[in-house]
Each structure stands twice: as structure tokens, then as C-alpha cells.
Amino acid sequence: MKVLLDASYSVVDGKPTIDLFYKPESDIEDKQLVSVKDFDPYFYAIPSLGSDADVLIDALKEANFPQIKKLEKVRLIDMKDEKDVVKVVTLLPKNVPEIRDRIGDMRQCREVREAAIRFTQRYLIDADLTPMKGVADNKPRIASFDIETYHAGGTGEPILMISYADTKGLEKVWTYKNTSELDFVETLADEKEMIQRFMDTVKQQKIDILLTYNGDNFDFGFIKDRCDKYGIPFILGADGSQVKLERRGMDMGARVTGRPHVDLYPVCRRVFNLPRYTLEDVYASIFGEEKRDINVEDIVPFWDSGDPEKLAILFDYSMEDAKACLKIGLEVLPLEYELSQLIGQPMFEVSRMSSGNKVEWLLMRRAKGEGLIVPNRPDDREMRERALGKYEGAYVVEPDKGIHENILVFDFKSLYPSIIIAHNVDPATINCDCCKAEGDAWVSPSGARFCKKKKGFVPGVLEDVIKSRTRTKIELKKLRELNSQDKVGEKMLDAKQLALKILANSFYGYMGYARARWYSRECASAVTAWGRDYIKKTIEKANAEGMKVVYGDTDSLLITLPEGLDEKAVLKRKNEFLSRINKALPPAMELEFEGFYTRGLFVTKKRYALMDSNKKLTVKGLETKRRDWAIIAKRTQEEVLRTVLWEKNPEKAAEIVKATIQDLRDKKIPLKDLIIHTQLTKNLGQYANVAPHVYAAKKAQKRGKTIHAGDVIQYIITRRGKSISEKAEMLGFVDENDYDAEYYINNQLLPAVMRILEALGYKEEELKGLGRQMTLGGFS
DNA sequence: TACCAGAGGAG
DNA sequence: AAATCCTCTGGTA
């Protein structure tokens, strides 16, 4: 089956034309272009209350807009009401923004709808076309590239080399100065020829998907500037078109027509949870091996030296970058393929889409199928008003602090999605006219009423997503049980169920999101109200059965049973509890058994650790899990947790801490274990308080380092300065051993480990006093 | 010492 | 540019 990779439109002979780019089944053929000329742009005009569709049509005819091709009366459903609206068909896509406001302002028109949907995206919905469908059996030809540039602080500096790797096995570094003998390096006459070679190769290799790492904000723009300098077009499009650099909010997006460009940097930021997102960090976290890296400051001197060995290092590094980018792409693309299919939009858009927009595009596509008219996005005033409307969220149980043994963990399976489905929570069916009598509607603890007679649109779509995920998981399980060699098939199914899970979990947040078309604070607040209700009632039942709820958060319950039960009795109690709870729940909802833990330590809400019988440690919220704490504190805290939870040996834990304190004082700890990662969430000038990471970044900026909002600052606390902020220095400006041992002892190590030891009844002085007093023989 | 801004995690 | 709940640090008055 051929795969729809991308869509675009152009105006040919004054007529809008949709171009569809397909990858054919054969790998040796280039893309197929299908042009569609019979689709016209349109939007809807809703008649005023005192008016109707016919009157509005007459008024529109009277107004005689030259842009209008056709006016049609169509019957559609607008939230609760079915009504006649006017479909305004225009000659060209640009006509829509030209006339929508003027029509919306007409006396006979209440408002216009669906007038801010891009023409190509509109077409994919209306034609019911699904990008990336069939990709499991017809793999795209993927290429990645990366550039190295001459950066000595000047402007208009050149590209030194372009590295390239594709799934056909071609690996190249193109340059124009080479004394090395590396076989993958090809030397061109000059920079312009090098760029030309790159563009030609993408075309010759018939590449379907282009990958970069931060290409949106760096590589594409840089190459474009160099092309402009040489007066050559930057052509990469499958239709021979130039790369389009688009503004997307704060950032840029580099669009390549027909060969979707996926920038893996924003994708990885969404998919992985890491302290930093450099190519090297992401590579190491996925593949568990270090990728060769180079000091960026070496690039210019190495290049200028002309030394064969130094140039070879640059080429090697550059080649590794392109290869790593391709390898990461092969890992994360399956999820993007599936999201693209599910949402029904091209990969260029989907790979850059927020979760809110993902849900919205799915809803918009389904709305078309069900004859619904899409609500508008709120204007700024409306949006701000919505954002002010706060509502109550989840319930968190105050933990019974300290150590507990034999902990059973239960949680509600997809709590919020299941509530939305079970109680038909929908912005259109809320407070419906058909369920006014008592007992006719689902009534949430927040007081909102939801229709029992007609399934709502939003819960309907969500139910389909959940059902699809259930089917996918069954398929995946079957495939795995067959012990098949179809690892690609497994990967695609796993990506599919994950894509469906991501989407399902976004529905609740979407309804409470101020920019949402299907916004409903009442719905979002009804969902959390039911959530609190279900968890609290479950806690009551557990207590009534003689079990003790040690902790719980939103949808989970951590309980202990009375002491002295054998394994069989525990199992029996567990199953009885589950079936009793589930019998009382609506069919869409389910309480599940998550697992059994031999021991657990509870510090505060959202901060605890569990240990299972396989010695597997699960930590939540504690410093170990946070990127804004130094490794030395995190690692020691984890060691303490293991020692306390597994070996039940607090004295040994204390010894570990004391040894680490000594190592810090003796300057035996390497700098890399002392780095603190903190993100700059705004520009340096916008901070009210100068926190350590801000101060460190400011100093680094003064010394010539480029700093942006969004950067993750890596810093060390040194001995130079008075306040902690003054002592903070970015990595790269600190020598080994140039750290403030007392800071790391008192503000990093001790707080992290004392959190644990204090929960066991130890005092900080006992640790500092080298433990003579530490006589507790375990814990009780 | 009390309070605030800011960050990052849980679910 | 999905929601709220929650803890904790370092700066500031």
C-alpha cells in the first residue's frame, strides 16, 4: 500500500490545487504526486438569532463579495442544537481570511466558524485521508543531516561540513577542505558546491523523511542564509520547492514539502524525561552507550590548523552526529507515525503539536464525520477569563510517615478517561433538556448533570480511543505469545497503544484548557469531583475492611493488611477487596492491583520509596528523581534508601553518608557529580529574584556565552562569593576541585539523606557526630 | 523570621 | 501554550 507522506497546496491557473505526496510500494521509485483540483475552500456563517440561513444567504448575495464562489444552506449540529447554517465557498484559500471578519460583522450573521483551518489540513479531514497509513508494511526512506559551522564570533560565517546518513546505507561528510584520508569524506570545490551536493543527494536518494536535531532553529536557517549569500535556491522539496522557514510561536519550523522534516529535538523533549536534551544525552539514555562528543571550542582551531589528524576528528564527530540522529529517529518515529495516523494530520505538524492540539485535531476530524460544526477558538479576552476560572483537582492522602511493610498498591485504570466515559461528561450534553427529572441524569459531586439518553461527542470519541487501545494491546500480546520474529510489527503495535494512551490521557486536561475549542470548566471540574469521590469512598471501604490506607494520590491506594497473615490469606483479602469495589463501579471503570511491595518509606505527600521482593526500588518525588539536585546527593540518597529498606541497616546507611562527607571535604568527588541542572524558564532580565542558576547564567553571558530562555543551566557552587547565587558558576567556568564542600554537605547531601533517616527517628547531629550515638538496632 | 518566586515532580 | 496538587530552595524585606 502506498503511504501518504505529506500534503500541500498551490494555486495553478487561478485555481487551488491540493498536492498529495505518496511513497509508492517500490523502494526504487520516487514519490507519486496526486493533484486534486476539485476541492474549494470554505467556512460557515451562522445566522443571527432573529435571522435564518435564507435571509443570510440573500444578504450575502446582496453584498456581492467577488471572492465567494458559492453559497449553500447546510444542516449541522452546533453543540446542542441542529440548525441551518450557510456554507460560504470561496475561490481561493486566501479569500477566507479576507472576508470572514466582514461577514461575521454583518447584522444577519451571528458568527463565522471553521474559518481558521489551513486549507491542506481542511482537505485531509474532508477527504478522510490518513497520513502515514500503511507505513508498517512500506517503510519510508529516511535521511538525517547535520552541519558544523565556523563560529568565531563574527557574522556571515561559513558552513564547514555537512554530514548525512540514510536508511539506504549512504553515510557521507561533505566538505571543501580535506587533508584526511577518511573514506566517507567527499571534498567539494567550495561551500556552495557542498550545499549543492547535499541537496542533490536528498533528491537522488528519493528521501521520504528528513531528520535533524534542532534543524528548525539552527541547521535549516543557517543553510538558507548561505544559499542566499550565493544566490542559489535552497531546494529540498519533493516537488522541487524551496525549504520554507515558518514562525511557530516563539520558535521556527523548517517545512520541506513532500518530504516531512521531523526535528527530533522537540520530539525527544516530549517523549523522554531527562536532565538535558543534547544529542549526546538522548543517545546515551536510549542506547546506554556514550556517543563521541567534541568540545565546540575546538572546531575553529582544528579547522584552521589544516592538520590531517585534527580535521579527521572533526569529520568523525560530524559523521557520528548524523548517524546518531538517524538512529534516534528510528527509535522515536514509530510513535510519530502512529500519532500522525490517529490524528490524521501530516508528520510535520504532528511532530510539533502540543497535547492540546493533538486532541483538538482528532476531535475536529471526528466532528466532520458526525455532522458537527466545530466551535471557535476563544479570543484573547475570553481565554484570559477562562484561565482565571480555577477549579478543584485531585485528592491526595496525607501519608502515614515512616516505614511500612507488606504494602499492596491498587489503582484505578485510566481514572479520568473512564469517568468521562462512564458518566458521559461532555460540553454539549451537560445540563441537557432531556434529563431534567430526578434520576434521569448522571449528577457529579460538583453538581453538574450529564445526559443519560444520548452519548456525547467527546466521550464518544474517547471511548473509541480506549477501545482501540484495548484491541491493540490484545493484538500485541498475541504477537508476543506467538514468539514471532516480527519485531517491527511489535514495535509498531506498541507505538500504537502508546499513542492511544497519550491521547486518551489528554482529554481531561483538554476540557480544562483555556484555549480549547471544546472547553468546559464544568466538565473538567466534574471529572475531578468524581475522581475525589471514588478514591475517598474506596478508602472508606478499605478502612471498613480492616485494612490501613498508608497513602494515596488521585487514583492510587497504598494499603497494609493486619500483621500475621500468610501469603494465601493476603491474596484472598486482595481479591475480595478488588471484586467488592469493582462490583460497585460503573462498567467503564475498574480498580486494578498494581503490585506488592515488601517495604516502603513515606516522607511527605508525593515523596516516598517502595522496595519489592526483587530488590527493585521505586522512588517518587524524592531528590533522587529531581534534576535540580547534584548526583552526589541523589546517589547517596538512593544508597541510603536501599540500605534502609533492604538491609534494614540504618547504621550502615549513616556510615555511607559519613564517608561521602569525608570524600567531599577531601575533594575526592569529581565535578560531574556536583552539577546542578536548572532550566531558565524566562529571559535573564525578567527574573524578580536572582537565583543561583540565573546568576551563573548571567556571569557566563558576560563572558560571551549565548544564553536563551529554555536552556538548562548546568552549574557548580564554588567558594568564590558570599551568597549561594554569587558562588554559582556554569560548568565550563569551574576547575576540578573548585567547589564549596560545605555547601554540598549542608545544602545537598545532608538534606537529601536526612529526609530518609529522620523518617526513622535519627537526628542530624548524630550523623555529624560520627555516629557514636547511633544505637537504634533497626526500626520498629 | 515570614513570605515570595521559581522549579520540578506526581498522577 | 492539557489540568491541579504539592514540596522544597534561596532571595528578600
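Every chain is numbered from 1 and lettered A, B, ... according to where its sequence line falls, protein lines coming before strand lines. The figures that follow rest on heavy atoms only: side chains count, while hydrogens, waters and symmetry mates do not.
Closest to the side chain of A688(A), out of dA5(B), dA2(C), dT7(C), is dA5(B). The side chain of T681(A) has dG6(B) as its nearest neighbour among dC8(C), dG11(C), dG6(B). Relative to the side chain of T604(A), the nucleotides dT4(C), dC8(C), dC4(B) differ in distance, and dC8(C) lies closest. Counting only heavy atoms from C-beta on, R270(A) has its side chain closest to dA1(C) among dC8(C), dT4(C), dA1(C). In this structure, of dC4(B), dA1(C), dC8(C), it is dA1(C) that holds the atom nearest to the side chain of R515(A). Of the candidates dA10(B), dG11(C), dG8(B), dA10(B) carries the atom nearest the K625(A) side chain, counting heavy atoms from C-beta on. Which of dC6(C), dG8(B), dA1(C) sits closest to the side chain of K606(A) comes down to dC6(C). Side chain of Y391(A), nearest nucleotide from dT12(C), dT4(C), dA2(C): dT4(C). Nearest to the side chain of K620(A), among dA1(C), dC8(C), dA10(B), sits dA10(B).
At least one side-chain nitrogen or oxygen of K605(A) sits closer than 4.0 Å to the OP1 or OP2 atom of dC6(C). Regarding contacts with the backbone of dT12(C), every side-chain N or O of Y687(A) stays at 4.0 angstrom or more from both OP1 and OP2. In this structure, S725(A) does not reach the dG10(C) phosphate: none of its side-chain N or O atoms is under 4.0 Å from OP1 or OP2. R626(A) has no side-chain polar atom (N or O) that falls below the 4.0 Å cut-off from OP1 or OP2 of dG9(B). For the pair R607(A) and dC6(C), the criterion of a side-chain N or O lying under 4.0 Å from OP1 or OP2 is not met. Between N747(A) and the phosphate of dG10(C), there is a side-chain N or O to OP1/OP2 separation shorter than 4.0 Å. Between Y743(A) and dG10(C) there is a side-chain N or O to OP1 or OP2 distance below 4.0 Å. Considering only side-chain N and O atoms, K682(A) lies under 4.0 angstrom from the phosphate OP1 or OP2 of dG6(B). Applying the 4.0 Å criterion to OP1 and OP2 of dT9(C), one finds that R755(A) has a side-chain N or O inside that range.
Checked against T624(A) for a side chain to side chain donor-acceptor pair (under 3.5 Å), the options E638(A), K634(A), Q637(A) give a single hit: Q637(A). The only member of Y510(A), F457(A), W361(A), Y513(A) that meets ring-ring contact (aromatic ring centres under 6.0 Å, His included) when paired with W518(A) is F457(A).
When the P atom of dG9(B) is taken as reference, atom NE2 of H677(A) falls 11 Å away, rounded to whole Å. For the pair K727(A) NZ and dG10(C) P, the computed distance is 11 Å after rounding to whole Å.
Under 3.5 Å, the side chains of S725(A) and S723(A) contain no donor-acceptor pair of N or O atoms. Using a 3.5 Å distance cut-off with no hydrogens or angles, the side chains of H423(A) and R449(A) do not pair a donor with an acceptor.
Mapping E398(A) and F507(A) onto DNA chain C via the closest heavy atom, the residue that lands nearer the 5' end is F507(A).
Taking OG1 of T528(A) as the reference point, atom CD of E392(A) lies at 7.0 Å (rounded to 0.5 Å). Note that CG of D612(A) is 9.0 Å distant from CG of L617(A), once rounded to the nearest 0.5 Å.
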